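All residue numbers refer to positions in the sequence shown, counting from 1. Note that the structure is predicted; figures quoted are calculated from it, not measured. Whatever order the structure lists them in is the order used to number ligands and atoms, beginning at 1.
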Amino acid sequence: MKLFKGHEEIVEKNKELGPLTTFRLGGPAEYFARPQTEEQLSGILKRVAETELPIRVLGNGSNVLVSDKGVRGIVIQLDPKGFGHLSVTEDLVRAGASLGLSKLVRGAAAEHLTGLEPLIGIPGWVGGAVRMNAGGKFGDIGQVVERVKVMDTHGQTFYRERDDLAFGYRTSNISARFILEAEFRLSEDDERRIAKFMKAVWISKKNSQPMANRSAGCIFKNPRGLSAGALIDQAGLKGAKVGGAAVSRKHANYIVAGKGATARDVRELIEMIRTRVHERSETFLELELEVW
Ligand SMILES: Cc1cc2nc3c(=O)[nH]c(=O)nc-3n(C[C@H](O)[C@H](O)[C@H](O)COP(=O)(O)OP(=O)(O)OC[C@H]3O[C@@H](n4cnc5c(N)ncnc54)[C@H](O)[C@@H]3O)c2cc1C
């Protein structure tokens, strides 16, 4: 690995990505790096800058479908060992990009801070969640983001402040490639009220979504004023299958991967859903899932 000489401890070749995603599907990354510090990350980026290698960033892989053939270029996952920190100062919570959302929510709750409960049960990490403004009917992460520390592909770090950040439905205006850390401005509340809210969010999620299956959450965005799940259900597609991939019977906007499933099965099922929903409702479903 001449290209990454000196970085052999954190860069691997032909790393299988499937086990790093919640779908557990897909092939290897040509190169895979797991830096533990900002210096290691910028060092790798300097080497990549000398090449044409495409760069992808992986969080907990809970919104990504990797192609069976794998991906060309380098996939970079910030190691939770160096990017999984959490600290609380009064009503400000600072979290590393690779901290799991459950730890973030519980860490804030332990300090009697409210605002992050809508994220309970979402299996992502802070960086991916901020990038896509993860959330649901109880609220989104963007509502409480105060500041984000980012790094661009030249290895430069800088901050994006609240006033200059915009969050929409599963989108943000953060264009720098790496989110390194996020700060959240929360409010104090009664411990029991926070616990009750968390429980309500969790029960609602558990009752309506197939949390125990291999999936990537909702596959499609809800079209304005409509529910993608309801449109798929009305098209008679609950339980529809391609190979080992099936539309969940519990929530039609989830595709679950069963025995023998491939990423190709999921992609074909996605196309089948889009065609059938379009035929029935004249609505084109846009992907929430990111396909690599
Ligand atoms: C069972 C289940 C339930 C789910 N429920 C919900 C839900 O209720 N609401 C919801 O919004 N989502 C939900 N999801 C989807 C997913 O968990 C979220 O989108 C989550 O925020 C993705 O985070 P991640 O760390 O897994 O990111 P990944 O899937 O790894 O990446 C997602 C995107 O973020 C980028 N990214 C990741 N880390 C970084 C970083 N450090 N810096 C910059 N970019 C980065 C990636 O390049 C990619 O573009 C669910 C998924 C599952 C499997």
Number the atoms of ligand 1 from 1 as they appear, then name those within less than 4.0 Å of a heavy atom of [X], with their elements.
X: Gly59; result: 25 (O), 28 (P), 30 (O), 37 (C), 38 (N)
X: Arg177; result: 42 (N), 43 (C), 44 (N)
X: Leu58; result: 30 (O)

Give the minimum heavy-atom separation between Gly139 and Pro118, together with the two atoms involved.
->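 Heavy-atom minimum between the residues: O-CB, 3.5 Å.
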
Salt-bridge contact [X]-[Y] (side-chain N to carboxylate O under 4.0 Å):
X: Asp265; Y: Lys241; answer: no
X: Glu268; Y: Arg264; answer: yes
X: Glu271; Y: Arg274; answer: yes
X: Glu146; Y: Arg185; answer: yes
X: Arg131; Y: Glu290; answer: no
X: Glu183; Y: Arg94; answer: yes

All pairs passing ring pair (Phe, Tyr, Trp, His ring centres under 6.0 Å) where residues 266-292 contributes a residue, at least two apart =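 Output for this query is empty, none listed.
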
With heavy atoms under 4.0 Å as the rule, classify the contact between [X] and ligand 1 as side chain, backbone, both or neither.
X: Pro210; value: neither
X: Tyr254; value: side chain
X: Trp125; value: both
X: Val57; value: both
X: Ala97; value: side chain

Among all the protein's non-hydrogen atoms, which is closest to [atom], and how far away is it?
atom: atom 37 (C) of ligand 1; result: Gly128 CA, 3.4 Å
atom: atom 31 (O) of ligand 1; result: Val64 CG2, 3.8 Å
atom: atom 32 (C) of ligand 1; result: Met132 SD, 3.8 Å
atom: atom 23 (O) of ligand 1; result: Gly124 CA, 3.4 Å
atom: atom 24 (P) of ligand 1; result: Asn60 N, 3.5 Å
atom: atom 26 (O) of ligand 1; result: Ser62 OG, 2.6 Å

Nearest option to [atom], as decided by whichever heavy atom of [options] sits closest:
atom: atom 41 (N) of ligand 1; options: Val150, Ile179, Asn213; answer: Ile179
atom: atom 34 (O) of ligand 1; options: Glu290, Gln77, Arg131; answer: Arg131
atom: atom 21 (O) of ligand 1; options: Ala129, Ala176, Ser215; answer: Ala129
atom: atom 12 (N) of ligand 1; options: Ile122, Ile55, Leu119; answer: Ile122
atom: atom 50 (C) of ligand 1; options: Ser172, Ser204, Ala182, Gly217; answer: Gly217

Sequence neighbours excluded, which residues qualify as ring-ring contact (aromatic ring centres under 6.0 Å, His included) partners of Phe4?
->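 Counting only residues at least two positions away or on another chain, Phe4 forms a ring-ring contact (aromatic ring centres under 6.0 Å, His included) with Tyr31.
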
With a cut-off of 6.0 Å (strictly less than), are more than 12 heavy atoms of other residues, nucleotides or ligands near CD of Glu9?
->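 No, CD of Glu9 has 12 or fewer neighbouring heavy atoms, counting only those of other groups under 6.0 Å.
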
Whether over 12 other heavy atoms sit under 6.0 Å from Glu52 CD |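 At most 12 heavy atoms, drawn from other residues, nucleotides or ligands, come within 6.0 Å of this atom.
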
contact_flag Lys205 ligand 1 heavy-atom lt 4.0 Å =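 Right, Lys205 reaches ligand 1.
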
Say whether Gly61 and ligand 1 are in contact under the criterion: heavy-atom distance to a ligand atom below 4.0 Å.
->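 Distance cut 4.0 Å: Gly61 passes for ligand 1.
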
Test of proximity, Gly135 against ligand 1: N or O pairs below 3.5 Å |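 Yes, at least one N or O pair falls under 3.5 Å.
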
Distance-only, no hydrogens or angles: does the Ser98 side chain make a donor-acceptor pair with backbone N or O of Leu78 under 3.5 Å?
->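 Yes, Ser98 side chain to Leu78 backbone: donor-acceptor pair under 3.5 Å.
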
